[in-house]
Amino acid sequence: MNKKVVSLRAGLLGLAVLLVLAAAHWSTQGRAPRGDGDGYSAEQALRLLNRLWPSEPHPVGSPANRRLRDGLRLHLEELGLATEVQTRVVCNDDGFCAEVDNILAWIEGGPDTVMLAAHYDSVPAGPGAADDGSGVVTVLEIARLLAERPAPPRNTLLFLLEDGEEAGLLGAKAFADHARAASLKALVNLEARGSGGASLAFETNGSGAVLGELLAEMPKPVAGSLFSSVYALLPSTTSFAEHAHDDVLAVNLAFLDEVAGYHTPHDTVARLDPRSLQHQGDAALALIEALADRDLSPSSPDSPRVWFSWLGLVLLQWPRALSFAPALLAFLVFAALAAGDLRLRRDEPTLRAVVWGLAAVLTSLPIAILIAIPQMVWNGTPITAYAYLAPLMFFVAVLAVIWSMMWHVNRKTRCTFHGVWLLWSFIALITAFVFPDAAYLQTWPAFIAAFIALCLRLGAADAPPVPDWLTWSAMLLPALLALSLILPLVLLLFQAIGSLAALIAPCLLVAVSLCFWPLLPQVPRVRFLPAVGLIAFAANSVLFFPLFDAERPQPMSIAYVQHADNAWWWVDRTMAPLPYVVTEALDEPTTETAPPLPFLGIGTTVVAEAPDADLAAPLWQSTPRSDAGASGFHVAGQVRSQRGTAVVGLLLPPDLVPRQVTVNGTPVKPRLIDNPGPFTGYRMITYASTPAEGVALSLVFDGPPQQPIEVFDLVYDLPRDLAVPLTSARGAAGTPAQNGDFSIVLAPIAL
């Protein structure tokens, strides 16, 4: 083949790949924001967010939370909607309790209820403009649009703004006892785990045809049954889990990109991408409109289906039972074609070429991962680092392609095409059997490739030979289809799970590079390729270091802990090693494998001794012990803080197991602490939004308690003078996250 043809094909291949790359990137972004007019307006929603949303944290029970509650209810009333505030003390399964205020508004229709939900509380560390201010103003805007329509809907439309979601889905648990929960037949829940990107239908209740039809109503759909299957394997959860019962049609929407400000003080209105707000609003409005007049009466069982969106253009779906057949057909076709290649071309080293080439591609998978791991170890594994790791992953894929091309000897294009797609269809066959929701990634490219291979092979005997350029172009189509399916998934993986995607993305990228292998020119074996790889790796490390700065700060919360005569600094190094200046500001720090108390962080905690700030300990006012006879030994008392606290709690030693516990009259199951540390085996009860008079606790034991308990209070602030060296060392490149900075005082109390 002359150099001119090779250059032309290389140019066409590069252009096609760039177009797919651009389309994949577009599919993972939001939509252009619209101004006032018909439909949902991101500009109007942003005006609402700037007017109503506080710039300070407003966790459940805080004064800022109550002010926001009143403002949101007033706005809904101004829209002419009937409203209600559901107030209730509720506890979750982790022993965390609070008094929550859910805001409900509705447009009365038929007996069945369609609900649009979001939560208005924030984490203690940040104002939560994206999580979930974006969801709240979207609910308000959609409520306004639907309230302006003259005809009542077929189904009652309920708008729920939940409280206490960040504290453990407390608002959703409270709503389960509301009278309107019994008539709930459909749900759209709005969330955010970043401040940008496309709105994903990342979780659904089931995978039937009805849900597939609903998702197809969304403009620029970004959805897939695979998303729900993967999300079910992750430890995260939202209020969706409390609402989506078996008989409820439910969709959970969220955008995931730009996670640097997630659950930090940087989750502000200024960081929120209007395109994401527009996309989420358009998707939610389309779903609610489709559900508002739909017959939601029970129907016959819905067979599971597989659906996925292709480049944000269309939602494709089919019965899950059909996933296996096209993969099997493709495998049988390529098995027969490969067998024919070997039988008819004994004089050509086809088998050797294919075996060596496939072995090279397979060995490039561990090579890709081995390149990624040192990068992650060097820079830590922050979830905000996906933007830095993504270029490395694409470099790894290119390196793997070059590696495989070096070993590809004596290429025969059609033979190689058959061998490559034989392996691909075999993988599709296994995936369709083990994980059918993901099978579309391999099955349909392999099926199209099999159809093309048969067309090229089964021409009439007297027909003129197929031009080489047409053969090459036809073989390019299934490779581009595979790339268009897998590349958006890789981009979404980095958004969804951050640097953990660095271990998965190379495998996907190398696998899709295999599809292009028959189309690429052969390259000579380059002895210095490993050196080139090391130089590129070093350049990547220098170019994207440091990973953290004022725009993308490292989550790093500081806690001051006072217990008896001791005090410590506990610094949560959630995702990456602490900077040297922070370590130097601590006195002989030691690293624990996990936070000694569950609310101290989600990663590894660095512990160091601290000066005594002499903070006032919480008070326990006990009522006299009483013998409850057959019902056990009853202890009651009141925990009250002297520091104007936000949270109080109780720690029970391992040998002191209560039979029954109530908090302000509400039964609660204490949380068992299994983190290694001084409180391993303790049971914990926590109450937020503590009233001034304290929290009433009632415990029933089988016999008189012989050990003291620990009471604690927690304030979202640090002893100012003592904390200055640490907070200064953290600087602008670090930020409080989740529960933020706080001080906690524990005190033993004899029962």
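In this text, all values refer to a predicted model and were calculated from it rather than measured experimentally.
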Where [X] and [Y] come nearest, the two heavy atoms and their spacing:
X: Ala439; Y: Ala432; answer: CB-CA, 3.6 Å
X: Pro478; Y: Ile452; answer: CD-CD1, 3.6 Å
X: Ser425; Y: Phe334; answer: OG-CD1, 4.2 Å
X: Leu311; Y: Pro488; answer: CD2-CG, 4.0 Å
X: Tyr262; Y: Ala192; answer: CE1-O, 3.8 Å
X: Glu191; Y: Asp132; answer: CA-OD1, 3.7 Å

Validation row: [X], [Y] side chains within 4.5 angstrom (heavy atoms):
X: Leu253; Y: Met218; answer: yes
X: Leu454; Y: Val333; answer: yes
X: Leu215; Y: Gln317; answer: no
X: Leu249; Y: Asn205; answer: no
X: Val188; Y: Leu291; answer: yes
X: Phe516; Y: Leu483; answer: yes
X: Trp421; Y: Cys515; answer: yes

*asked:* Looking at Tyr231, I'd like to know if its OH atom is crowded, meaning that more than 12 non-hydrogen atoms belonging to other residues, nucleotides or ligands lie closer than 6.0 Å.
replied: yes
*Got more than 12 heavy atoms from elsewhere within 6.0 Å of CZ, Phe324?*
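Yes.
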Pairing residues for [X] by the salt bridge (charged side-chain N to carboxylate O under 4.0 Å, His left out) criterion, not counting sequence neighbours:
X: Asp273; result: Arg275
X: Glu551; result: Arg271
X: Glu43; result: none

What is the distance from atom [atom1] of [X] to atom [atom2] of [Y], rounded to the nearest 0.5 Å?
X: Ser228; Y: Asn252; atom1: OG; atom2: CG; answer: 8.5 Å
X: Ile288; Y: Leu116; atom1: CD1; atom2: CG; answer: 4.5 Å
X: Trp472; Y: Leu13; atom1: CH2; atom2: CG; answer: 5.0 Å
X: Leu226; Y: Leu492; atom1: CG; atom2: CG; answer: 10.0 Å
X: Leu190; Y: Gln280; atom1: CG; atom2: CD; answer: 5.0 Å
X: Ser195; Y: His266; atom1: OG; atom2: NE2; answer: 11.5 Å

Do any side-chain atoms of residues 20-28 form donor-acceptor pairs under 3.5 angstrom with protein atoms, and if so which ones, sequence neighbours left out?
| residue | atom | partner | partner atom | Å |
| --- | --- | --- | --- | --- |
| Ser27 | OG | Ala24 | O | 2.7 |
| Thr28 | OG1 | His25 | O | 2.9 |

*Going by an N to O cut-off under 4.0 Å, is there a salt bridge joining Asp282 and Arg34?*
yes
_Do the side chains of Arg294 and Glu217 get close enough for a salt bridge, i.e. N-O under 4.0 angstrom?_
no
Donor-acceptor check, side chain of [X] to backbone of [Y], threshold 3.5 angstrom: yes or no?
X: Ser276; Y: Leu272; result: no
X: Ser484; Y: Leu481; result: yes
X: Ser309; Y: Ala223; result: yes
X: Trp424; Y: Gln442; result: yes
X: His279; Y: Lys220; result: yes

*Name all residues meeting the side chain to side chain contact (heavy atoms under 4.5 Å, CB included) criterion together with Pro326; count only those two or more places apart in sequence or in a different chain, and write none if there are none.*
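Only Thr443, Trp444, Phe447 meet the side chain to side chain contact (heavy atoms under 4.5 Å, CB included) criterion with Pro326.
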*State which residues pass side chain to side chain contact (heavy atoms under 4.5 Å, CB included) with Leu285; sequence neighbours excluded, sorted by chain then number.*
Tyr40, Ile142, Leu145, Leu146, Glu289
*Any idea how Phe331 and Phe426 line up, ring-wise: parallel (<30°), tilted (30 to 60°), or perpendicular (>60°)?*
tilted
_Tyr440 and its ring-ring contact (aromatic ring centres under 6.0 Å, His included) partner, picked from Phe308, Trp307, Trp310, Phe435_ =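 Testing Tyr440 for a ring-ring contact (aromatic ring centres under 6.0 Å, His included) against Phe308, Trp307, Trp310, Phe435 leaves exactly one candidate, Phe308.
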_Val251 and Leu214: CA distance, side-chain angles, deciding distance, side chain to side chain contact (heavy atoms under 4.5 Å, CB included) verdict_ = CA-CA 9 Å; Val251 179; Leu214 284 173; 5.5 Å; no
